[in-house]
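See below for the structure under consideration.
Remember, predicted model here, so these are calculated numbers, not experimental data.
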Amino acid sequence: MASQLASGRRAIARRTRARCFIAYFQAYTNTYASVQQLDALYREALSEPDVIGLAVGTRPDCVPDAVLDLLAGYREEGLEVWLELGLQSAFDETLARVNRGHGLAECRTAVVAARRRGIPVCAHLILGLPGESDAHYHSSLDTVLALGVDGLKLHPLHVVKGTQLANQWRRGEYSPLGMGDYLRSPPI
C-alpha cells in the first residue's frame with residue numbers, strides 16, 4: 001500500500017501542488033474485514049506524514065457499529081474522516097434489478113449512525129441505471145439530501161463485461177445513456 005500511496009501523492013502533488021492528502025479507500029467494500037484488520041490498513045495509510053485523513057468507500061449494508069466507532073475514533077484524534085456510501089439509487093426496485101443486495105433502508109440506517117458519531121457522509125448515485133428516468137434521478141437526489149448527507153458524487157453507469165447488465169445490453173434489452181444525454185441540460 002505504501003508504494004501505491006506514494007505514487008498517487010506524487011502524481012497529485014505534481015498536478016496540484018497539494019501538500020496534504022486524504023487516503024481514499026475507494027474500490028469495493030472497504031469496511032468488510034475485522035476491526036483489527038481495518039485499523040491496521042487505515043493506520044498504515046495514516047502513518048504517512050502528509051496523510052491527514054481517510055475517505056472510506058463502502059456499501060450501505062456493510063457499516064457495522066464497530067467500524068463506525070473506529071472511524072469516529074480517528075476523528076477524535078483530529079483526523080479528517082469521510083464515509084462514502086455507494087447507494088447508487090434511492091429506488092429499491094432499481095437496486096434489486098441491478099443486484100445491489102441492499103436497499104434505501106440500509107443507507108438510511110448507515111447515514112444516521114455515522115452522523116450520530118460526527119462522521120460526514122458522501123452518497124454516491126449513478127445516472128442511467130436500467131428503468132430509471134430523469135424523475136428517478138431527481139427523486140434520488142431529493143432523498144439523499146433529505147437524509148442529511150454532507151457530500152454527493154454522481155457517476156455515469158459503467159457496464160461491466162460478463163455481468164447480467166452487459167448481457168442485457170448485448171441483447172438490446174438495455175440502452176445506456178448516450179453522450180447527448182449527459183450533455184443536455186443537467187438531469188439533476
(request) Could you tell me whether Glu93 and Arg100 have a side-chain N and a carboxylate O separated by less than 4.0 Å? (result) no
(message) If only side-chain N and O atoms count, and only distance matters, is there a donor-acceptor pair under 3.5 Å linking Tyr137 with Asp142?
(response) no
(request) Answer whether the closest heavy-atom distance between the side chains of Val56 and Thr31 falls below 4.5 Å. (result) yes
(message) Hydrophobic clusters here meaning ILVMFWY residues chained together by side-chain heavy-atom distances under 4.5 Å, can you tell me if Val35 and Leu54 are in one?
(response) yes
(request) For the residue pair Leu46 and Tyr74, establish whether any side-chain heavy-atom pair is separated by less than 4.5 Å. (result) yes
(message) I'd like to check Tyr42 versus Leu71 (side-chain heavy atoms, cut-off strictly below 4.5 Å). Are they in contact?
(response) yes
(request) Quick one: pull up OG1 in Thr58 and CZ in Phe25 and give me the separation to the nearest 0.5 Å. (result) 12.5 Å
(request) Check the hydrophobic clustering (I, L, V, M, F, W, Y; side-chain heavy atoms under 4.5 Å; chains of links allowed) and say if Leu141 and Leu95 are grouped together. (result) yes
(message) Using every non-hydrogen atom in the two residues, find where Pro60 and Ala110 come nearest and quote the distance to one decimal.
(response) O-CB, 3.7 Å
(message) If only side-chain N and O atoms count, and only distance matters, is there a donor-acceptor pair under 3.5 Å linking Gln37 with Ser34?
(response) yes
(request) Indicate yes or no: at least one non-hydrogen side-chain atom of Cys20 is less than 4.5 angstrom from one of Ile52. (result) yes
(message) In this structure, would Phe91 and Leu165 fall into the same cluster of hydrophobic residues linked by side-chain contacts under 4.5 Å?
(response) no
(request) Using a strict cut-off of less than 4.0 Å between a Lys/Arg side-chain nitrogen and an Asp/Glu carboxylate oxygen, indicate whether Asp65 and Arg116 qualify as a salt bridge. (result) no
(request) Report the residue from Val144, Val111, Val149, Leu147 that forms a side chain to side chain contact (heavy atoms under 4.5 Å, CB included) with Leu85. (result) Val111
(message) Please tell me whether His136 and Ser139 have a donor and an acceptor in their side chains that are separated by less than 3.5 angstrom.
(response) no
(message) Going by side chain to side chain contact (heavy atoms under 4.5 Å, CB included), Gln88 matches just one of Val98, Ile126, Thr94. Which one?
(response) Ile126
(request) Return the minimal non-hydrogen interatomic distance between Pro120 and Val81, and the atom names on each side. (result) CD-O, 3.2 Å
(message) Using side-chain heavy atoms (C-beta onward) and a distance below 4.5 Å, is Asn167 in contact with Arg171?
(response) yes
(message) As an exercise, state the distance from OH of Tyr32 to CG of Asp61, rounded to the nearest 0.5 Å.
(response) 10.0 Å
(message) Quick check for you: to the nearest 0.5 Å, what is the distance between Gln164 atom CD and Arg97 atom CZ?
(response) 10.5 Å
(request) Please check if any side-chain donor atom of Ser89 sits under 3.5 Å from a side-chain acceptor atom of Glu132, or the reverse. (result) yes
(request) Taking the side chain as every heavy atom from C-beta outward, state whether Ser140 and Thr143 have any atom pair closer than 4.5 Å. (result) no
(message) Are Thr163 and Asn99 packed together at the side-chain level, in the sense that at least one heavy-atom pair is separated by less than 4.5 angstrom?
(response) no
(request) Specify the closest pair of heavy atoms between Leu157 and Tyr174, including all atoms of both residues, with the distance to one decimal. (result) CD2-OH, 2.8 Å
(message) If we count only N and O atoms by modelled type, under 3.5 Å, do the side chains of Glu84 and Trp82 hold a donor and an acceptor together?
(response) no
(request) Please round to the nearest 0.5 Å and tell me the distance separating atom CZ of Arg117 and atom CD of Glu76. (result) 10.5 Å
(message) Before you tell me yes or no, could you show the steps for Cys122 and Lys153 under side-chain contact (heavy atoms from CB on, under 4.5 Å), namely the whole-Å CA-CA distance, both residues' side-chain angles and the distance that decides it to 0.1 Å?
(response) CA-CA 7 Å; Cys122 179; Lys153 290 186 179 177; 3.7 Å; yes
(request) Indicate if Leu87 and Leu129 have the same hydrophobic cluster label, given that clusters are the connected sets of ILVMFWY residues with side-chain heavy-atom separations under 4.5 angstrom. (result) no
(message) Quick check against the 3.5 Å criterion: does Asp150 have a side-chain atom that pairs as donor or acceptor with the backbone of Val121?
(response) yes
(message) To the nearest 0.5 Å, what is the distance between CG on Asp39 and CG on Leu70?
(response) 5.0 Å
(request) Report yes or no: do Leu38 and Leu79 belong to one cluster of Ile/Leu/Val/Met/Phe/Trp/Tyr joined by side chain heavy-atom distances under 4.5 Å? (result) yes
(request) Measure the shortest side-chain to side-chain distance between His155 and Leu127 over non-hydrogen atoms and say whether it is less than 4.5 angstrom. (result) no
(message) How close do Pro176 and Trp169 get, counting heavy atoms only, and between which atoms?
(response) CD-CD1, 3.5 Å
(request) Check whether more than 12 heavy atoms from other residues, nucleotides or ligands sit under 6.0 Å from atom CZ of Arg19, and answer yes or no. (result) no
